[in-house]
Amino acid sequence: MRLLKSTHDCLSVHGCALVPTMGALHEGHLALCRHAAETGHHVVVSIFVNPTQFGPREDFHRYPRTLEADLTALRSLGTPPVAVFLPGIETVYPRGLEAAREEAMALLLPPTATQPALEDRCRPGHLAGVIQVVGRLFDLCRPATAVFGEKDFQQLRVIEDMVAGDPARFGTLLIHRSPTAREPDGLAMSSRNRFLDASQRERARALWDALCLARHSPNVTHAEESMRDTLLQHGLEPEYAVARPATSLLAACDIDPVGPCRALIAARLGSVRLIDNAAWSPSATA
Ligand code: PAF
């Protein structure tokens, strides 16, 4: 497993299957790597905690950095990645962080990034920073394919739209979706779960419970109310709990959407923000 640092180092991995991460790797990330290995391309994992996707009052400085453990976990895979890309800030943003922040603010976002009452309202600028860094990692590594988890569903949709919307830049790059890895009680695996204390960890399962209960709802309004109620009953503060068409993420208003839908939740437990989502459709048996 080679360690890559510079733009020049990346020349050797063009055509790879890229798994972009911010480190603090858990079983969910390892599942992404296994998925990437199945594509038949050499797997490259990038680890970079991207400052431009964190707001000024968010947890950039607290975000866990566990490089040695991450490398050990990657080496323990049946098929370890051929390389781990560990760029410094100067490689990702050669014009400096301030210029990068300005560039992120000026980016034209796909409509999936700005749908009301989702991430953009709660974390303004977050998805612009994600698009910026993912685009940059793609430019540096020129992967044939890249794998993202469904846990960050809006992020995944936005990246899919970014790639589809700019063939001149991204060519035939294929984005693979990987299902959310879950703990035995259903909690979606996340690098931030380590910040939950024992009581919060117990209550955090309410996200998955809410998503499962919403499957019995006959319409969007009922599903959204049911998810909010479940979160509140367990002492979580919902930021959003919505059901949306899975492709556009457009707010459905009171019209039941046609086609595949997604129920999406963001909620706070103390200082920890958790997100999750699942496929949703109106239940005929409610
Ligand atoms: O999902 C993440 O870990 C990050 O948002 C990503 C895609 C690696 C970009 O920094």
Side-chain angles (χ1 to χ4, degrees), residues 4 10 16-33 35-36 43-55 58-67 69-70 73-74 81 83-89 91-93 97 100-101 103-104 107 109-110 112-113 118-120 122-141 143 145-163 170 173-182 188-195 264 266 272-277:
L4 317 175
C10 292
C16 67
L18 183 66
V19 181
T21 82
M22 298 203 298
L25 302 183
H26 50 67
E27 183 48 40
H29 294 110
L30 302 185
L32 299 182
C33 295
H35 191 140
V43 178
V44 174
V45 174
S46 65
I47 299 181
F48 177 68
V49 186
N50 171 38
T52 69
Q53 70 186 76
F54 289 80
E58 293 186 351
D59 58 353
F60 173 69
H61 293 291
R62 186 168 87 131
Y63 199 86
R65 285 146 171 98
T66 57
L67 183 58
D70 292 348
L74 293 173
V84 182
F85 182 34
L86 300 166
I89 188 101
T91 300
V92 180
Y93 300 124
L97 185 53
R101 286 194 200 282
E103 275 163 27
L107 281 176
L109 301 182
T112 38
L118 290 176
E119 289 298 298
D120 201 42
C122 307
R123 301 186 69 188
H126 166 65
L127 287 167
V130 168
I131 281 196
Q132 177 184 41
V133 74
V134 171
R136 186 72 188 124
L137 292 169
F138 288 168
D139 291 344
L140 288 163
C141 297
T145 181
V147 184
F148 292 87
E150 287 185 334
K151 177 180 160 272
D152 296 271
F153 191 77
Q154 191 181 12
Q155 163 177 289
L156 170 65
R157 282 291 306 111
V158 169
I159 291 166
E160 287 173 341
D161 285 354
M162 171 181 81
V163 169
F170 299 114
L173 168 59
L174 199 67
I175 302 297
H176 282 261
R177 297 177 168 199
S178 200
T180 303
R182 299 187 178 279
M189 290 186 184
S190 162
S191 305
R192 291 185 172 98
N193 290 351
R194 69 191 70 201
F195 295 129
L264 305 114
V272 187
R273 182 174 191 269
L274 299 171
I275 61 171
D276 201 356
N277 68 87

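Remember, it's 1-based here, ligands and their atoms both numbered in the order they're listed.
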Relative to the heavy atoms of Val133, which atoms of ligand 1 are at a distance of less than 4.0 Å?
9 (C), 10 (O)
Around atom 5 (O) of ligand 1, find the nearest protein heavy atom and jot down its residue, atom name and distance.
Gln155 OE1, 2.8 Å
Quick check with a 6.0 Å cut-off and a 45 degree axis cone: is Arg65 positioned over the face of Phe60's six-membered ring?
yes
Distance-minimising heavy-atom pair for Thr112 and Gln154:
O-NE2, 2.8 Å
Hey, does Gln53 come in under 3.5 Å of ligand 1, counting only N/O atoms on both sides?
yes
Taking 4.0 Å as the limit for heavy-atom contacts, which would you say applies to Thr21 with ligand 1: side chain only, backbone only, both, or neither?
backbone
Charged N to carboxylate O below 4.0 Å: is that the case for Arg177 and Glu160?
yes
Within a strict 4.5 Å, meaning less than it, do heavy atoms of the His61 and Phe54 side chains meet?
no
